[in-house]
Amino acid sequence: MTPSDHDDVIKSTIAALSTPGDDALTKAAAEGIPDRGEVIEWAERTRALVLLERDRSVLRSELPYLAERLEKLIAKLPLPDGKAPRALVEAFIQRLPAVRTLLAEDVEAAFEGDPAARSYAEIVVSYPALHAVATYRIAHELYRLGVPILPRMMTEHSHDRTGIDINPGAKIGRRLFIDHGTGVVIGETSEIGDNVRIYQGVTLGARSPRQGEVLRGVKRHPTIEDNVVIYAGATILGGETVIGRGSVIGGNVWLVDSVPEDSKVTLEPPRLRVRQRPGPGGGSDPTDWDV
């Protein structure tokens, strides 16, 4: 390829990439795409402030800075009903003390529920579930205010870090404890009451429709009432599915129907077949073994 041919390829590619279109990526760009690095930095600093910061001098400098950064981020986005960025930021900042109160109760629930926890500090600095829940609780406040895109960017970053996927639209009550947590999925219209404990691999999901867009904005994820325990690997689907208060859902259970309060739902245990290899001490050739 000659230099002139190379230049022509570059020019034609630039022309093609810069030509407006009517595809989904062009529409996404028109809606506004925040800088991912800026959003993540803001989210991490806000999470640290809510969880850890008590020094008034630090708060006097950090809180105005985070408010200013947030205003700049959301000013570039299509906001609901013509709401002003400054008003949204002020409403969000006023909610941070309530978010801290909720997170303090989440830490207490983790300490009470996990005998491996040696201190509150250990939970705050090392438990991935608290990282995910703290990010969710902050993002949820933005979601409630109608701020687009940012809440989902925040929780998906936490999902990437922790393996715990909590949609910012979910409604979650007090004292949530997610033990271990890897693989937990909590969908957008899920509703979770108080004092709920969830183990790894649990899915609170939706049934898969043929046309997903017809259910946008419709409740399609389950409701979990107060004092429920959901063990590892359980899958609970559907917007009309309600798990009654005080119930226990066993591991690997698949549920698409409601259960009344104080229920215990388990699978019938499988039958295990145990055999020993033939020969003295079972010492036959390990490759000579039929399953």
Side-chain angles (χ1 to χ4, degrees), residues 98-99 101-114 123 127-141 143-144 151-152 155-156 158-159 162-209 215 217-267:
V99 171
T101 297
L102 287 171
L103 289 172
E105 293 180 338
D106 294 331
V107 172
E108 288 178 355
F111 187 78
E112 293 171 7
D114 185 6
I123 294 167
Y127 275 40
L130 185 68
H131 183 289
V133 172
T135 302
Y136 153 77
R137 291 207 185 276
I138 294 167
H140 181 67
E141 296 303 324
Y143 180 96
R144 289 177 60 226
R152 191 65 182 271
T155 55
E156 288 300 338
S158 184
H159 178 197
T162 67
I164 300 169
D165 182 359
I166 309 177
N167 190 287
K171 297 177 181 179
I172 298 177
R174 300 169 47 221
R175 296 177 57 83
L176 174 68
F177 176 37
I178 300 177
D179 200 355
H180 302 294
T182 304
V184 165
V185 176
I186 300 175
E188 179 188 25
T189 61
S190 300
E191 297 183 31
I192 299 176
D194 299 337
N195 299 305
V196 170
R197 185 181 303 179
I198 296 173
Y199 287 82
Q200 68 273 15
V202 166
T203 296
L204 305 182
R207 300 190 191 192
S208 181
L215 290 179
V218 175
K219 180 164 171 50
R220 56 198 185 277
H221 302 94
T223 296
I224 312 298
E225 294 186 343
D226 297 346
N227 305 314
V228 168
V229 177
I230 308 175
Y231 281 98
T235 297
I236 306 172
L237 305 179
E240 297 181 354
T241 303
V242 178
I243 306 303
R245 61 180 294 120
S247 294
V248 175
I249 309 301
N252 299 315
V253 163
W254 172 279
L255 268 178
V256 293
D257 297 303
S258 298
V259 299
E261 63 181 40
D262 295 318
S263 297
K264 183 176 182 180
V265 184
T266 58
L267 292 174

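Values below: all heavy atoms of this structure, side chains included; hydrogens, waters and symmetry mates excluded.
Note that the OG1 atom of T241 and the CZ atom of R207 stand 6.0 Å from one another [nearest 0.5 Å]. Within the model, atoms CD1 of I164 and CD1 of I166 stand 6.5 Å from one another, a figure rounded to the nearest 0.5 Å. Here OH of Y231 is found 7.0 Å from CZ of R197. Values are rounded to the nearest 0.5 Å. Here the straight-line distance linking atom CZ of R220 with atom OG of S190 works out to 9.0 Å at 0.5 Å rounding.
P222 and G205 make their closest contact through CD-O, 3.3 Å (heavy atoms, listed as atom of the first residue, atom of the second, distance). Pairing each heavy atom of E141 with each of V99, the nearest pair is CG-CG2, 3.7 Å. Nearest approach of I198 to I186, heavy atoms of both residues: CD1-CD1, 4.3 Å.
Between L267 and V253, some side-chain heavy-atom pair lies under the 4.5 Å cut-off. Using a 4.5 Å heavy-atom cutoff, the side chains of I224 and I243 are in contact. Between L102 and R174, some side-chain heavy-atom pair lies under the 4.5 Å cut-off. By the 4.5 Å heavy-atom criterion applied to side chains, D226 and R245 are counted as neighbours. R152 places a side-chain heavy atom less than 4.5 Å from the side chain of N167.
Each of L255, L204, V248, V184 was evaluated against I230; a single residue qualifies, L204, per the side chain to side chain contact (heavy atoms under 4.5 Å, CB included) test.
Side-chain atoms of T235 do not come within 3.5 Å of backbone N or O of W254 as any donor-acceptor pair. Formation of a donor-acceptor pair under 3.5 Å by the S247 side chain with backbone atoms of S263 is found in this model.
By the 4.0 Å N-to-carboxylate-O rule, D194 lies too far from R175 to be salt-bridged with it.
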Assess whether side-chain contact (heavy atoms from CB on, under 4.5 Å) is satisfied between L237 and H221, documenting all intermediate values. CA-CA 6 Å; L237 305 179; H221 302 94; over 6 Å; no
If you look only at distance, which donor and acceptor atoms sit under 3.5 Å apart when one is on a side chain in residues 127-140 and the other is two or more places apart or in another chain?
unit_1, atom_1, unit_2, atom_2, d
Y127, OH, D114, OD2, 2.7
H131, ND1, S158, OG, 3.1
H131, NE2, E44, OE2, 3.4
H131, NE2, R47, NH2, 3.4
H131, NE2, R161, NH1, 3.2
T135, OG1, H131, O, 2.9
Y136, OH, A170, O, 2.5
Y136, OH, I172, N, 3.4
R137, NE, D106, OD2, 2.7
R137, NH1, I172, O, 3.4
R137, NH2, D106, OD1, 3.2
R137, NH2, D106, OD2, 3.3
R137, NH2, G173, O, 2.8
H140, ND1, P168, O, 2.7
H140, ND1, A170, O, 3.3

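Within 6.0 Å of the CD atom in E240, the count of heavy atoms belonging to other residues, nucleotides or ligands does not exceed 12.
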